[in-house]
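In this chain, numbering begins with 1 at the start of the sequence shown.
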Amino acid sequence: MIPQELWDTPLEVVNNPTGKKIVKLSDYRNKKLIILDFWATWCGSCMQSMLHIRQLESSYSGKVAFLKVNSESTKDSPERIVKAFAKLKAMSNVDLSTMEYIYPDKYLDKYFAHASIPHMVWIYDGKYIGSTYAEGLTVDAIDGVLNNTPLHAHLKNDRLDFQTNTSIREQVDLRLSTYPVVEELFTGYLDGLSPNFGQFYKKDGTYVYRMVNLKLNILYANAFRTLFFEVPSWAIHIDSTVAEPVQRALNNVELRKDVFCFEVQSSDTLTEDDILKRLRDCLLSNFKVAPVRTIEKTPFWQMEIADPDILKASVRFIDKKGNKEHITFRELRSKIYTSLKLPVNDLITVKSSLFEVEIPKNIDWTDIKSLQDFLVTIGIQLIKVEKDIPTITFKKV
């Protein structure tokens, strides 16, 4: 119920048809419906809604009072209002210079408090029945109210206690949101958690996808997996223009410093495409680096299985005590690369870090013929090839 005190409060008015400088809200009580339109010159939506109200006024002149209210809180000045009306007239050919409006309002703004404008206050039969956005000011809504139908569309319920320096989650029950609520987390190394290469979870109606303590290049390879398809690890490069800290992270120089975590939570189901898009956007935003795929004719050494039986007889499970006469396949590949100065494409299916082979004491790693002869004795052939190879270059964006 609107108190009588507010009905009788003096309000300063501009362009009153009867020449009054002071009016009261009760002066418009002879109309079945009063709509207060809170506006400002700097509010584009407010100025556009005035054009719409002009059209409505002629249709409801005997039933509805459209009272425009410009409050002190808008910081508008008479000069600014005149300029705004002139600009609107030049754009729309609608003259608002004779429009009646409350200015400067000191009271209605406080009683019908709001956080944003346009703000439409509906008073029917002397009672406040609700507030709407400008979109709610329709012929159907007005006719409905005049026929005792409650307001139901575009209702406005401003959160006057909302704190701009506090997160939305702390102030709003996100379960009431019209659309799915999606939250993302991207951070660095989290102590005490094992690496997680991507896993779905569900709890209490919330869907979670999480990647934990992973190298940056692995996150990129997941996010841009179609680009990285069939790209050998040795065909991935970093452009010199990439910032040094990002280069270090991509090369995983420091284990704990150069690993990251990514998590998405949603009140709706998460699709893989949506997750990967969010991860891509997150990586591009944080590191300003994107992978670029090209096809290049590249020379390299290729290790292939020549004789499976000989290879099987030549390998053994790694001796964790360490034996200088044996090396793992990963070490073997590294030595060949270091000696021959070309990438080594390893097509051997043996786990490169778990199995090892015996090496001759006098092997010359710089003599390709000697090296090839040795590899044949353990069932492997090393051949030099040149092929079109997909490559990835990380470039600054």
Side-chain angles (χ1 to χ4, degrees), residues 115-116 131 133 135 152-231 233 236 245-246 248-291 293 351 353-354 392 394 397:
S116 64
S131 300
Y133 296 91
E135 294 86 349
H152 58 84
H154 300 288
L155 292 177
K156 193 166 181 278
N157 183 25
D158 290 357
R159 296 177 180 271
L160 303 177
D161 58 347
F162 187 80
Q163 302 295 315
T164 56
N165 59 349
T166 303
S167 71
I168 291 177
R169 171 167 283 284
E170 293 180 58
Q171 304 181 72
V172 179
D173 185 355
L174 297 178
R175 292 172 299 179
L176 303 178
S177 175
T178 308
Y179 292 94
V181 178
V182 180
E183 296 179 277
E184 296 177 15
L185 168 72
F186 187 84
T187 187
Y189 174 75
L190 294 178
D191 195 23
L193 297 181
S194 300
N196 182 331
F197 287 84
Q199 193 166 351
F200 282 99
Y201 305 90
K202 183 182 179 183
K203 182 179 180 181
D204 299 331
T206 298
Y207 297 83
V208 180
Y209 179 83
R210 182 179 299 135
M211 307 173 85
V212 179
N213 291 342
L214 297 182
K215 299 176 183 179
L216 184 57
N217 55 6
I218 292 178
L219 290 176
Y220 265 99
N222 273 279
F224 298 88
R225 56 183 56 174
T226 55
L227 293 181
F228 281 79
F229 180 66
E230 292 188 337
V231 178
S233 60
I236 299 175
V246 179
R248 289 172 59 86
L250 286 169
N251 287 319
N252 195 229
V253 175
E254 297 182 39
L255 174 61
R256 286 174 174 77
K257 186 176 179 180
D258 298 327
V259 296
F260 302 89
C261 304
F262 175 73
E263 181 179 276
V264 182
Q265 291 189 52
S266 175
S267 59
D268 197 4
T269 53
L270 293 165
T271 66
E272 184 177 65
D273 288 344
D274 182 54
I275 291 169
L276 293 181
K277 181 182 183 305
R278 291 178 181 279
L279 179 57
R280 288 194 294 271
D281 291 344
C282 189
L283 292 172
L284 294 175
S285 174
N286 281 280
F287 298 100
K288 307 294 188 292
V289 167
R293 180 185 174 107
K351 287 285 186 180
S353 60
L354 297 181
I392 289 289
F394 286 100
V397 293

Under 3.5 Å, is there a donor-acceptor pair between the side chain of [X] and the main chain of [Y]?
X	Y	answer
Q171	Q163	yes
K215	A249	no
R280	A223	yes

Does some side-chain heavy atom of [Y] sit less than 4.5 Å from a side-chain heavy atom of [X]?
X	Y	answer
V231	R293	yes
L284	F224	yes
V264	V208	no
S116	D158	yes

State which residues pass ring-ring contact (aromatic ring centres under 6.0 Å, His included) with [X]; sequence neighbours excluded, sorted by chain then number.
X	result
F197	none
F262	none
Y133	none

C261 and its side chain to side chain contact (heavy atoms under 4.5 Å, CB included) partner, picked from N196, L185, L190: L190
For a quick test of reading the model, state the closest non-hydrogen atom pair linking [X] to [Y] and the distance between them.
X	Y	value
V212	S194	CG1-O, 3.6 Å
P291	I392	CB-CG2, 3.8 Å
V397	A290	CG1-CB, 3.5 Å
L193	N213	O-ND2, 2.8 Å

Partners meeting salt bridge (charged side-chain N to carboxylate O under 4.0 Å, His left out) with E135 (sequence neighbours left out): none
Set of salt bridge (charged side-chain N to carboxylate O under 4.0 Å, His left out) partners for K277, sequence neighbours left out: D281
Donor-acceptor pair between Y220 and N222 side chains, under 3.5 angstrom: no
Once rounded to the nearest 0.5 Å, what's the spacing between atom [atom1] of [X] and atom [atom2] of [Y]?
X	Y	atom1	atom2	result
S131	N157	OG	CG	8.5 Å
E263	L279	CD	CG	13.0 Å
L283	L216	CG	CG	6.5 Å
L276	L270	CG	CG	11.0 Å
L250	N217	CG	CG	6.5 Å

D161/R159 ion pair, N-O < 4.0 Å: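 Answer for the salt bridge query: no.
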Worked check of side chain to side chain donor-acceptor pair (under 3.5 Å) between K202 and T269: CA-CA 9 Å; K202 183 182 179 183; T269 53; over 6 Å; no
Sub-6.0 Å ring centroid separation between F260 and F186: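 Yes, they do, as the ring centres are separated by less than 6.0 Å.
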Residue pairs passing the salt bridge (Lys or Arg N to Asp or Glu O under 4.0 Å) test where at least one lies in residues 264-276, sequence neighbours excluded: R225-E272, D274-R278
Test log, rule side chain to side chain contact (heavy atoms under 4.5 Å, CB included), inputs I275 and F200: CA-CA 11 Å; I275 291 169; F200 282 99; 3.4 Å; yes
Chi angles and distances behind the side chain to side chain contact (heavy atoms under 4.5 Å, CB included) call for Y189, D191: CA-CA 6 Å; Y189 174 75; D191 195 23; 3.1 Å; yes
Side chain to side chain contact (heavy atoms under 4.5 Å, CB included) evaluation trace for L214 with V259: CA-CA 5 Å; L214 297 182; V259 296; 5.8 Å; no
R210 charged N/C atom sitting above Y201 aromatic ring, 6.0 Å / 45°: yes
